[in-house]
Protein chains: 2
Amino acid sequence: MNDANQAEGDSMKITTPPQDVYPSMTVSHGDGENKIAPIKLGQRLKEIRKTLGLTLEEASQKTGLARSTLSKIENEQISPTFQAMQKLTSGLQIDIPQLFAVPKQLSATGRRDITRFEEGKTHPTSTYEHELLAVQLTNKKMMPFKSLVRARSFEDYSGWIRHDGEEFLLVLEGEITFFSEFYEPVNLNKGDSVYYDANMGHMLISASEQDALILWVTAS
Amino acid sequence: MNDANQAEGDSMKITTPPQDVYPSMTVSHGDGENKIAPIKLGQRLKEIRKTLGLTLEEASQKTGLARSTLSKIENEQISPTFQAMQKLTSGLQIDIPQLFAVPKQLSATGRRDITRFEEGKTHPTSTYEHELLAVQLTNKKMMPFKSLVRARSFEDYSGWIRHDGEEFLLVLEGEITFFSEFYEPVNLNKGDSVYYDANMGHMLISASEQDALILWVTAS
DNA sequence: CAACAATATTTCCTTTTGGAAACTTATGAC
DNA sequence: GTCATAAGTTTCCAAAAGGAAATATTGTTG
């Protein structure tokens with residue numbers, strides 16, 4: 001289906017998308033492989049402690065965990081409870097993500113995930129039917145998903161939807177009414193879109209008899 | 001046994017978008033800017049499960065943890081072990097930092113920008129006809145735009161397009177062939193989407209007779 | 001609202017963790 | 001080398017987590 005003619009174009013128009021769109025051009029080649037390595041908690045913890053120049057006894061004092069417990073954790077003899085991990089991280093002044101930091105998330109170049117039509121991960125709720133896209137990639141900057149907005153009424157909701165980040169919404173099919181905390185409701189038809197701060201209360205309903213289909217992208 | 005903070009529960013349960021949506025966390029190591037003081041792990045987990053539309057039973061299947069255990073974790077009756085948390089995060093496809101993300105409440109500026117169908121800011125090039133959306137908002141986390149893809153062959157380009165950030169693409173009309181540096185070309189039809197690291201060279205052409213229409217969202 | 005099904009919580013018991021102390025292994029001084 | 005001391009590991013037991021099944025709660029249908 002694809003006769004990829006790898007022919008390298010000579011010199012034509014360099015199609016550079018609108019300037020506003022592409023802030024900076026960084027050409028960096030990465031490995032191209034994005035592996036989620038298994039986390040060796042104990043090992044990692046030991047490294048951290050050593051780096052800090054602490055003995056088990058000192059670490060014990062700082063964290064409030066017993067020497068023996070620390071030893072066992074480091075040697076992977078036990079799996080610490082969340083509670084213990086909190087003591088660890090606060091006592092040693094490290095933050096949790098650091099503990100779990102997958103060594104090289106940095107050069108995450110070369111990731112790609114295709115989601116075919118209606119083959120996303122669906123998550124039905126009473127008012128929406130969400131279809132998550134690109135679910136194979138984690139740690140994304142954006143979260144795209146489609147939603148089937150059921151033809152219902154305002155009363156189906158118990159309050160504003162509100163969450164961190166910004167949201168972009170595009171109507172793919174149908175017609176919706178978009179409510180938001182600081183603005184009047186607006187009707188959005190197929191092709192219309194709205195970009196808003198998701199901390200602002202918002203919600204939407206299908207404005208017509210049929211269900212509406214929208215695309216949603218969120219970034220925090 | 002149950003100091004149970006069930007109080008605020010009811011009126012707050014709203015249909016929020018899927019959880020992967022809220023990365024809101026410093027992914028990379030680095031400083032300790034993170035205040036991870038009040039983590040309500042159970043509460044947070046419950047939210048996540050709900051937004052994924054899962055029952056305890058289903059979550060149990062996916063994670064391999066017993067229903068009862070999940071329940072107890074969600075209700076903060078036990079402090080899960082690291083092992084349990086790993087099962088949780090891998091089973092539910094969430095990543096750990098996310099679990100600890102402090103839902104930081106920042107000033108909700110309440111910005112909003114509606115772009116009506118075909119009323120964005122157009123930006124024609126030889127290969128595309130871009131239509132920028134939500135142009136009235138500056139300093140956005142995401143840059144959404146539609147593009148009419150005119151390019152028909154590889155030669156229309158002079159090389160890979162490459163820029164900072166991540167990109168999400170959804171085919172609105174027509175059919176395109178998506179080329180990328182580290183993968184084989186793929187054909188994408190209406191409704192298909194792809195998410196990729198924009199540092200990876202990429203480009204696309206219309207695969208059919210007509211021009212294709214796509215939605216593009218970029219975040220850096 | 002009874003009856004039923006689906007979901008969530010609690011109980012009861014087994015397995016595992018966490019801690020004090022005993023034990024073992026470095027590291028040094030003499 | 002012996003002795004002394006610090007660092008790390010293992011033992012043993014109380015306390016807490018994890019799982020199966022019972023119980024409670026919620027939601028649906030006639």
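Proteins come first, then strands; the chains are lettered A, B, ... in the order of their sequence lines, and each starts at number 1. Quick note: numbers below take in every heavy atom, side chains included, and nothing from hydrogens, waters or symmetry partners.
Among residues two or more places apart in sequence or in another chain, the side-chain contact (heavy atoms from CB on, under 4.5 Å) test is passed with B:Glu58 by B:Leu54, B:Thr55. Applying the side chain to side chain donor-acceptor pair (under 3.5 Å) test to A:Asn189 and every residue at least two apart in sequence or in another chain returns nothing. Taking the side chain to side chain donor-acceptor pair (under 3.5 Å) definition, one finds that B:Tyr196 meets it with B:Glu167, B:Trp216, sequence neighbours left out. Under the rule for a side-chain contact (heavy atoms from CB on, under 4.5 Å), the partners of B:Leu172 that lie at least two apart in sequence or sit in another chain are A:Leu170, A:Leu172, B:Lys146, B:Leu170, B:Leu213, B:Leu215. In this structure B:Lys87 satisfies the side-chain contact (heavy atoms from CB on, under 4.5 Å) test together with B:Leu65, sequence neighbours excluded. In terms of the side-chain contact (heavy atoms from CB on, under 4.5 Å) criterion, residue partners of B:Arg67 (sequence neighbours excluded) are, by chain and number, B:Leu56, B:Glu57, B:Ser60. In this view, B:Thr81 satisfies the side chain to side chain donor-acceptor pair (under 3.5 Å) rule with no residue, not counting sequence neighbours.
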Contact pattern, 5' to 3', of nucleotides 17-22 of chain D - B, S or - by protein heavy atom under 4.0 Å: SBBBBB
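A straight line from CD of A:Gln61 to C1' of D:dA7 spans 14 Å, rounded to a whole angstrom. Computed from coordinates, the B:Leu54 CG to C:dT7 C1' distance equals 13 Å when rounded to whole Å. In this entry the distance linking CD of B:Glu76 with P of C:dT9 reads 12 Å, nearest Å. Rounding to whole angstrom units, CG of residue A:Asn75 and P of D:dA7 are separated by 17 Å. Here the P atom of nucleotide C:dA26 and the NZ atom of A:Lys50 are 12 Å apart, to the nearest Å. For the pair A:Glu57 CD and C:dT27 C1', the interatomic distance rounds to 18 Å; values are reported in whole Å. To the nearest angstrom, C1' of C:dA20 lies 14 Å from CG of A:Leu70. Residue B:Arg49 contributes atom CZ, which lies 13 Å from atom C1' of C:dA6 at whole-angstrom precision.
One axis for each end of the helix from C:dC1-D:dG30 to C:dC30-D:dG1, each built from five base pairs, and the angle between them comes to 30° at 10° resolution.
Within 4.0 Å (heavy atoms only), B:Ser71 reaches at least one base atom of the nucleic acid.
In this structure, a donor-acceptor pair under 3.5 Å is present between the side chains of B:Thr177 and B:Asn187. Counted by atom type alone, B:His202 and B:Ser180 present zero donor-acceptor pairs between their side chains at under 3.5 Å.
The side chain of A:Lys46 contributes no N or O atom lying less than 4.0 Å from OP1 or OP2 of D:dA7.
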